[in-house]
Amino acid sequence: MELVRDGKNRYRLVRTGKMRVDAVVYVNEVLLPLLRDDKSLEQLAHAAMLPGVINPVVGMPDIHEGFGLPIGGVMAVGEDGVISAGAVGMDINCGVRLIRTDLRVREVPVPQLKNLMLTVEDYVPTGVGKKSKHGELSRRLFERVARTGVRALVEQGVGAAADLEYIEEGGCLAGADLDAVSREAYKRGETQLGTLGGGNHFIEFQEVAELLEPALAERWGLFPGQLTVMIHTGSRGFGHQICTDFSRSHVTAAKKYGIELPNKGLACAPSNSPEGRQYFQAMACAVNFAFANRHLISHDVGRAFADVFRKEPEKLGFGLVYDVAHNIAKWERHGGRKVLVHRKGATRALPPGHEDNPRPYRETGHPALIPGSMGTSSYVLAGTERAAATFFSVNHGAGRVLSRGAAERTISREQFEESMGAVLYNIRNFKEIVDESPLAYKDVDQVVQTLAEIGLTRKVARLRPLAVIKGKD
DNA sequence: ATGTGC
């Protein structure tokens with residue numbers, strides 16, 4: 001397997017052996033060496049072997065080894081090709097939502113910020129295995145949420161109908177069918193609406209630190225010194241179970257349809273087969289659940305703001321900038337063809353004027369939301385026409401450089417605390433959070449710059465972390 | 001990522 005330089009910040013794995021197409025990975029000189037002891041390039045090559053795959057399979061600068069497709073991978077497949085649960089990921093519609101306020105960070109003293117953190121934690125369950133505090137609502141609305149997404153919550157008075165235009169797909173991916181979902185997945189999902197989860201998921205209070213395209217940032221409602229809230233979570237146990245179910249059953253399906261699997265994690269079925277359609281139907285349920293999960297969490301964050309500032313969220317300028325997925329498969333048009341784009345740790349970023357942009361962002365292109373690691377900046381990016389080369393995709397974050405285990409073994413308490421700087425966090429026991437240290441991640445500035453300097457994205461705003469809420473066990 | 005492992 002040979003990686004050849006193919007222009008600035010761009011390397012190509014030229015088709016060889018059973019690969020049907022090339023793989024292209026976008027990294028600069030700093031990020032390239034980080035792929036040394038990592039199977040992600042091999043995993044891109046595996047994806048390039050699947051039936052119907054379209055040239056090229058793409059790796060983002062935050063790429064790292066995953067299950068099946070690497071995290072930071074984009075695999076587009078024609079109508080005659082396959083769909084793969086492992087190319088979407090365990091956390092279906094893991095994604096990011098950004099909320100703006102009219103508050104200025106300098107007007108919010110640290111004790112008030114701490115109070116805000118505690119109040120949010122009262123409303124939003126965090127940590128692995130946690131169940132919804134809206135137990136009755138979660139159970140009652142679960143089926144409607146899975147079928148119709150965020151709209152089911154809006155109908156109950158959670159948020160406003162106008163919010164739907166500020167969510168990818170209007171908060172509902174078409175084609176969801178609960179009949180495709182196992183009993184097991186259903187049971188795990190119905191009690192988890194409005195929960196954060198663990199691992200890299202978070203609720204973060206941020207300050208708009210820098211406007212890189214001031215006119216556009218202001219048009220999107222951002223201003224320097226502004227307090228924003230970023231929510232990063234997904235479909236919890238529901239999506240996890242769906243991925244597990246289909247990664248197993250599609251090994252059999254692949255055999256049935258004569259598909260040779262380069263690795264088990266890429267288990268797949270023809271997208272037009274009953275097995276392939278069933279995965280799409282189930283995945284769409286989890287996509288809708290995750291959009292609704294972030295929506296209900298925002299509602300609860302709004303309640304916390306109302307408690308602390310003694311003003312209704314609307315009076316605080318509380319509003320949705322955007323909500324975007326980074327683990328999803330969707331049918332889209334690229335190069336005049338209908339293709340199924342699998343994005344796993346990759347964020348859609350449509351260019352200005354593209355007809356698939358939501359109405360408020362039709363002219364400018366929608367914001368692409370990129371969380372950094374805790375303790376480092378996050379970014380608001382915009383799409384470009386050049387990113388047609390990546391099926392209009394950008395990175396999804398900083399990307400891991402140390403596994404959880406390696407982080408726990410090698411990062412000391414002192415190093416951890418230094419890496420967090422002045423950022424507040426809710427976890428007392430450093431061992432529970434060291435695997436999320438900024439030291440376990442790549443440099444998000446390098447990652448974003450890699451794409452920006454070759455015109456695959458534009459930096460609109462940089463957000464600085466003030467305080468982060470992570471999952472508590 | 002995950003009621004975190006065959």
Side-chain angles (χ1 to χ4, degrees), chain A residues 40 43 62-73 84-97 125-132 135 138-139 142 181-203 231-248 251 264-267 282-283 285-287 289-291 293-294 297 325-329 342-347 371 373-374 396-409 427 431-437 440-441 469-473:
Chain A
S40 53
Q43 291 180 325
D62 53 338
I63 191 168
H64 60 103
E65 193 175 324
F67 163 73
L69 194 68
I71 294 147
S84 170
V88 171
M90 283 295 196
D91 188 7
I92 296 166
N93 191 1
C94 188
V96 180
R97 171 180 285 229
T126 72
V128 175
K130 291 291 159 54
K131 297 200 170 168
S132 181
S138 181
R139 243 178 240 281
F142 177 69
V181 170
S182 70
R183 242 193 122 64
E184 196 80 8
Y186 190 111
K187 276 175 62 183
R188 288 179 72 174
E190 68 175 345
T191 59
Q192 289 193 314
L193 203 57
T195 61
L196 185 68
N200 63 3
H201 291 165
F202 64 74
I203 299 170
I231 298 168
H232 178 204
T233 183
S235 52
R236 311 285 286 99
F238 185 46
H240 187 275
Q241 189 63 47
I242 289 168
C243 182
T244 305
D245 292 341
F246 284 91
S247 294
R248 191 174 304 140
V251 172
K264 248 189 165 182
L266 283 173
M283 178 204 65
C285 288
V287 166
F289 179 89
F291 282 137
N293 190 32
R294 291 193 288 274
I297 291 173
H326 53 232
N327 282 7
I328 195 168
H342 299 70
R343 293 189 181 86
K344 180 179 184 180
T347 312
S373 64
M374 71 182 188
H396 87 302
R400 269 195 179 278
V401 68
L402 291 180
S403 70
R404 296 187 188 284
E408 281 162 20
R409 284 192 299 276
I427 309 289
K431 289 224 186 270
E432 285 179 29
I433 196 179
V434 64
D435 58 337
E436 284 296 315
S437 160
Y441 283 87
I469 295 169
K470 300 286 277 185
K472 256 186 189 162
D473 288 325

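Only a predicted model underlies this, so the values are computations on that prediction, with no experimental measurement involved. Residue numbering restarts at 1 for every chain, and letters A, B, ... go by the order of the sequence lines.
Between the side chain of A:Lys187 and the backbone N or O of A:Arg183 there is no donor-acceptor pair closer than 3.5 Å.
In this structure the side chain of A:Thr191 never reaches within 4.5 angstrom of the side chain of A:Ser132, judged on heavy atoms.
One finds a salt bridge joining A:Arg400 and A:Glu436 here, because a Lys/Arg side-chain nitrogen approaches an Asp/Glu carboxylate oxygen to under 4.0 Å.
One interatomic measurement links the two molecules: CG of A:Asn327 to C1' of B:dT2, which rounds to 13 Å at whole-angstrom precision. Per the geometry, CZ belonging to A:Phe67 stands 17 Å off P belonging to B:dT4, to the nearest Å. The CG atom of A:Asp245 sits 16 Å away from the P atom of B:dT2 (whole-angstrom rounding). Rounded to whole Å, atom P of B:dT4 lies 16 Å from atom CG of A:Asp91. For the pair A:Met90 CE and B:dT2 C1', the interatomic distance rounds to 7 Å; values are reported in whole Å. Atom pair A:Glu436:CD and B:dT2:P shows a separation of 11 Å (rounding to whole Å applied). In this entry the distance linking NE2 of A:His201 with P of B:dT4 reads 16 Å, nearest Å. Protein atom CG of A:Asn93 is 16 Å distant from nucleotide atom C1' of B:dT2, rounded to whole Å.
Heavy atoms of A:Gly239 sit nowhere under 4.0 angstrom from any nucleic acid atom. Residue A:Glu184 is classed as a base contact, given a heavy-atom separation below 4.0 Å to a base.
Under the side-chain hydrogen bond (donor to acceptor under 3.5 Å, both in side chains) criterion, A:Asn93 pairs with A:Arg294, not counting sequence neighbours.
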